[in-house]
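The basis for the numbers below is simple: all heavy atoms, side chains too, and nothing from hydrogens, waters or symmetry mates. Small disclaimer: the values here were computed from a predicted structure and weren't measured.
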Amino acid sequence: MAKNWAIAIGINQYNNLQHLNYAKLDAQAMGDWFGKEARFDQVFLFTDDSPPIPTNPPIPTQPTYGNLRRFLRANFEKPLLSPGDNLWFFFAGHGCREADRDYLMLIDSDPGDVEHTAIPVDYVTQRLRRSGADNVVLFLDACRDEGSRLGKGIGEEHQGVVTFYSCSPSQKAYEIEQLQHGSFTQALLEGLRIAGEGNCATVERLDRYLKSRVPTINQTHRKILQNPYAIAEPATKLHLILLPDYATLNDINQLKLDAYQAEVKGDWELARQLWLRVNVAARGSDIQVIEAFIRIANKQGVSSVPPTPEPVTSSRGERSVTPENPTFNFDVVTVNAKGEEVKREKRQAEYFTEDLGNGVTLEMVAIPSGKFLMGSPSGEGLDDEKPQHQVTVESFLMGKYPVTQAQWRKVAALPKVNHDLQAEPSNFKGDNRPVEQVSWYHAVEFCSRLSKHTNKQYRLPSEAEWEYACRAGTTTPFHFGETITTELANYDGDYTYASEPKGKEREETTAVGSFPPNGFGLYDMHGNVLEWCQDDWHSSYQEAPTDSSAWFDNENNLSQKQGIAVVRGGSWNNTPENCRSASRYENLEAERDLDILDFISFRVVCAFGRILQ
């Protein structure tokens with residue numbers, strides 16, 4: 001169980017600065033919230049007249065320079081907490097910026113000798129990080145009103161922590177007589193107490209609430225504008241879950257996505273910290289956390305993590321996957337509107353290989369859970385791609401490539417489930433080219449035979465899963481950026497999308513994997529062949545699901561589909577406009593007229609849990 005500690009400091013009576021009225025009450029109120037409402041394990045209160053900490057000998061708590069510096073040095077020299085634990089620090093009082101450093105002004109601080117009589121905020125953060133807790137959060141209600149502020153005020157980034165500031169460096173932080181609190185602390189307490197929908201369980205939501213609420217309080221009480229803000233280092237800490245009791249599934253999924261992306265970048269320490277936060281929020285019940293710890297431990301060579309289990313052999317003598325799956329490395333290319341490469345990043349993804357026999361394999365790439373805006377924004381695309389809406393996606397595995405002709409032949413030779421399959425349906429021949437001239441029914445039959453053979457649940461992706469996987473965290477029209485070129489994808493190069501030059505018109509499919517992948521390690525998501533999805537066609541996203549499930553009319557099932565099916569991704573004979581991440585087509589899935597389907601293929605997905613069991 002994670003431990004929670006807090007330090008709350010409030011100073012009214014200054015020796016060398018103008019007194020404040022409600023900083024002490026702010027600290028006491030926060031101390032009460034920490035201890036009585038949030039039930040923190042330890043709360044250290046420092047005010048003008050707070051009692052000493054009952055140790056042997058007792059620790060004085062009047063926030064003078066010597067007392068506070070000694071407390072931080074003596075009590076946080078060695079780790080007292082562990083990764084996964086929380087340490088929150090609250091300060092209400094004067095703040096100052098001197099020689100490009102942020103300082104907290106204490107009872108005896110001298111405004112004429114700040115560097116020697118006030119405590120730098122970075123000293124506080126360094127000491128708090130030595131505690132061993134990986135979740136260090138600062139709330140600084142400093143630079144308060146009642147006279148001129150000192151210097152420029154505080155407000156810089158501090159390595160490895162989340163810092164909430166009560167106002168911008170060019171502003172004052174106000175006390176409100178009617179509330180007997182500073183407006184920032186009043187809003188902070190309100191935000192932390194919100195339960196249910198609209199809660200402030202994450203750094204991002206609390207920051208959003210404070211930015212809205214503090215100016216409102218000031219306006220109500222006729223004070224000048226005050227704009228609080230938060231700085232998180234690294235930026236993934238914006239998604240940090242502050243209040244696990246109020247965390248939603250979306251909150252946990254966003255942390256998972258951040259953790260997975262840290263793994264992809266090889267930042268194993270950050271990934272471990274983020275997975276620890278997922279573990280705390282999920283109360284230790286998420287199997288993906290265990291799998292992640294094993295992956296990270298193996299990458300770092302940590303011997304204290306339990307060894308990976310031996311592969312399990314199925315009744316057919318095939319090896320099933322272990323929790324530690326292999327990874328592959330790849331480059332992700334980004335281009336500008338002219339089609340010029342502006343960035344190239346090294347990435348890594350986890351995958352699972354399904355052995356289809358005789359050297360033919362099916363590679364399935366792990367797609368992390370998360371949320372994204374589905375559809376095209378204003379100014380891009382057609383009406384059937386709107387309205388843009390947020391969708392939450394659970395983790396799954398997806399084919400690294402469209403199904404190839406070699407893979408198709410192997411599965412087409414398996415026993416029939418509902419429909420006959422031709423061994424060689426494609427117009428453009430080649431083992432490593434995508435299979436085409438297959439109807440929606442044929443694609444579903446492929447999934448059914450593969451599922452029965454492997455005892456895993458293979459299927460077509462939903463539209464939402466397909467677009468989420470295609471975008472791979474991007475919001476641009478293409479996962480490559482503002483446009484594409486025929487050096488990056490197979491489409492009709494006689495047409496352009498932005499300012500890129502015209503390219504090749506190949507007039508046929510190309511071997512899968514001929515072009516760079518996206519950020520998840522998936523190839524051919526733009527162009528080459530259109531790909532079937534599970535869903536029935538709908539002319540807009542009005543009332544579309546928000547949980548990434550397939551959208552069917554009535555009670556349609558996969559063997560008796562009644563509606564028109566959806567294809568995504570664009571093909572070799574499409575313009576770049578029709579190859580965008582959000583682009584979608586309606587297409588009859590009937591088994592007749594297969595000659596019009598030489599630009600349609602598919603790729604398969606599988607539930608993550610089914611692969612890892």
Asker: Whether Asp48 and Lys24 form a salt bridge (side-chain N of Lys/Arg under 4.0 Å from carboxylate O of Asp/Glu) is what I want to check.
Answerer: no

Asker: Decide whether Thr61 and Ser50 meet the rule of one side-chain donor and one side-chain acceptor closer than 3.5 Å.
Answerer: yes

Asker: If every non-hydrogen atom of Pro52 is compared with every non-hydrogen atom of Pro58, which pair is closest and at what distance?
Answerer: CB-CB, 4.0 Å

Asker: So with a 6.0 Å cut-off around CD of Glu37, is the heavy-atom count from everything else above 12?
Answerer: yes

Asker: Do Leu242 and Val137 have side chains that approach each other closer than 4.5 Å (heavy atoms only, starting at C-beta)?
Answerer: yes

Asker: Can you give me the closest heavy-atom contact between Ala187 and Val214, atom names plus distance?
Answerer: CB-CG2, 3.6 Å

Asker: Please tell me whether Asn135 and Asn86 have a donor and an acceptor in their side chains that are separated by less than 3.5 angstrom.
Answerer: yes

Asker: Return the minimal non-hydrogen interatomic distance between Val203 and Leu238, and the atom names on each side.
Answerer: CB-O, 3.3 Å

Asker: Rounded to the nearest 0.5 Å, how far apart are CG of Leu210 and CD of Gln186?
Answerer: 11.5 Å

Asker: Tell me whether the rings of Phe34 and Phe40 are parallel (<30°), tilted (30 to 60°) or perpendicular (>60°).
Answerer: tilted

Asker: Do the side chain of Asn518 and the main chain of Ala469 share a donor and acceptor less than 3.5 angstrom apart?
Answerer: yes

Asker: Look at Lys343 together with Glu341 and state whether they make a salt bridge at an N to O cut-off of under 4.0 Å.
Answerer: no

Asker: Who are the side chain to side chain contact (heavy atoms under 4.5 Å, CB included) partners of Leu225, not counting sequence neighbours?
Answerer: Gln171, Pro215, Asn227

Asker: Can you tell me how far apart CG (Leu188) and CG (Leu206) are? Round to the nearest 0.5 Å.
Answerer: 6.0 Å

Asker: Within a radius of less than 6.0 Å around CD of Glu177, do more than 12 heavy atoms belonging to other residues, nucleotides or ligands occur?
Answerer: no

Asker: Atom CG in Asp141, atom NE2 in His181: separation rounded to 0.5 Å?
Answerer: 10.5 Å

Asker: If I compare all heavy atoms of His94 with all of Ala142, which pair ends up nearest, and what's the gap?
Answerer: C-CB, 4.2 Å

Asker: To the nearest 0.5 Å, what is the distance between OG on Ser166 and CZ on Phe139?
Answerer: 12.0 Å

Asker: Is there a side-chain contact (heavy atoms from CB on, under 4.5 Å) between Met398 and Val365 once you walk through the steps?
Answerer: CA-CA 5 Å; Met398 190 175 209; Val365 179; 5.7 Å; no

Asker: Report the distance from atom CZ of Arg272 to atom CG of Asp267, rounding to the nearest 0.5 Å.
Answerer: 11.0 Å

Asker: Test: side chain to side chain donor-acceptor pair (under 3.5 Å). Region: residues 468-482. Which pairs qualify, not counting sequence neighbours?
Answerer: Glu467-Arg471

Asker: Scan side-chain atoms only and decide if Asp122 and Thr125 contain a donor-acceptor pair under the 3.5 Å cut-off.
Answerer: no

Asker: Check for a donor-acceptor pair, side chain of Asp102 on one end and backbone N or O of Val121 on the other, with a separation under 3.5 Å.
Answerer: no

Asker: Judged by modelled atom types alone, do Asn199 and Arg205 share a side-chain donor-acceptor pair under 3.5 Å?
Answerer: yes

Asker: Consider only side-chain N and O atoms of Gln62 and Asn67, and report whether a donor and an acceptor are under 3.5 Å apart.
Answerer: no

Asker: Would you say the ring centroid of Tyr541 lies under 6.0 angstrom from that of His389?
Answerer: yes

Asker: Do Ser549 and Asp547 get their side chains close enough for a donor-acceptor pair, meaning under 3.5 Å?
Answerer: yes

Asker: Flag yes if more than 12 heavy atoms outside Gln390 fall under 6.0 Å of its CD atom; otherwise flag no.
Answerer: yes

Asker: Any chance you could lay out the side-chain contact (heavy atoms from CB on, under 4.5 Å) test for Arg344 and Thr334, step after step, and finish with the verdict?
Answerer: CA-CA 6 Å; Arg344 182 177 289 261; Thr334 303; over 6 Å; no

Asker: Search all heavy atoms of Pro111 against all heavy atoms of Ser109 and return the closest pair with its distance.
Answerer: CD-O, 3.6 Å

Asker: Give the intermediate values and the outcome of ring-ring contact (aromatic ring centres under 6.0 Å, His included) for residues Phe44 and Phe71.
Answerer: CA-CA 10 Å; Phe44 303 102; Phe71 171 79; 5.3 Å; yes

Asker: Do you know which two heavy atoms are closest between Glu394 and Ser548, and how far apart they sit?
Answerer: N-OG, 4.3 Å

Asker: Assess the side chains of Asp258 and Gln254: does a donor N or O sit below 3.5 Å from an acceptor N or O?
Answerer: yes

Asker: Whether the Lys223 and Ser183 side chains hold a donor-acceptor pair (N or O, under 3.5 Å, no angle test) is what I'd like checked.
Answerer: no

Asker: Charged N to carboxylate O under 4.0 angstrom, Lys346 versus Asp331?
Answerer: yes

Asker: From Thr185 OG1 over to Trp33 CH2, what is the distance, rounded to the nearest 0.5 angstrom?
Answerer: 13.0 Å

Asker: If you measure only the distance, is there a donor-acceptor pair under 3.5 Å linking the side chains of Thr64 and Asp108?
Answerer: no

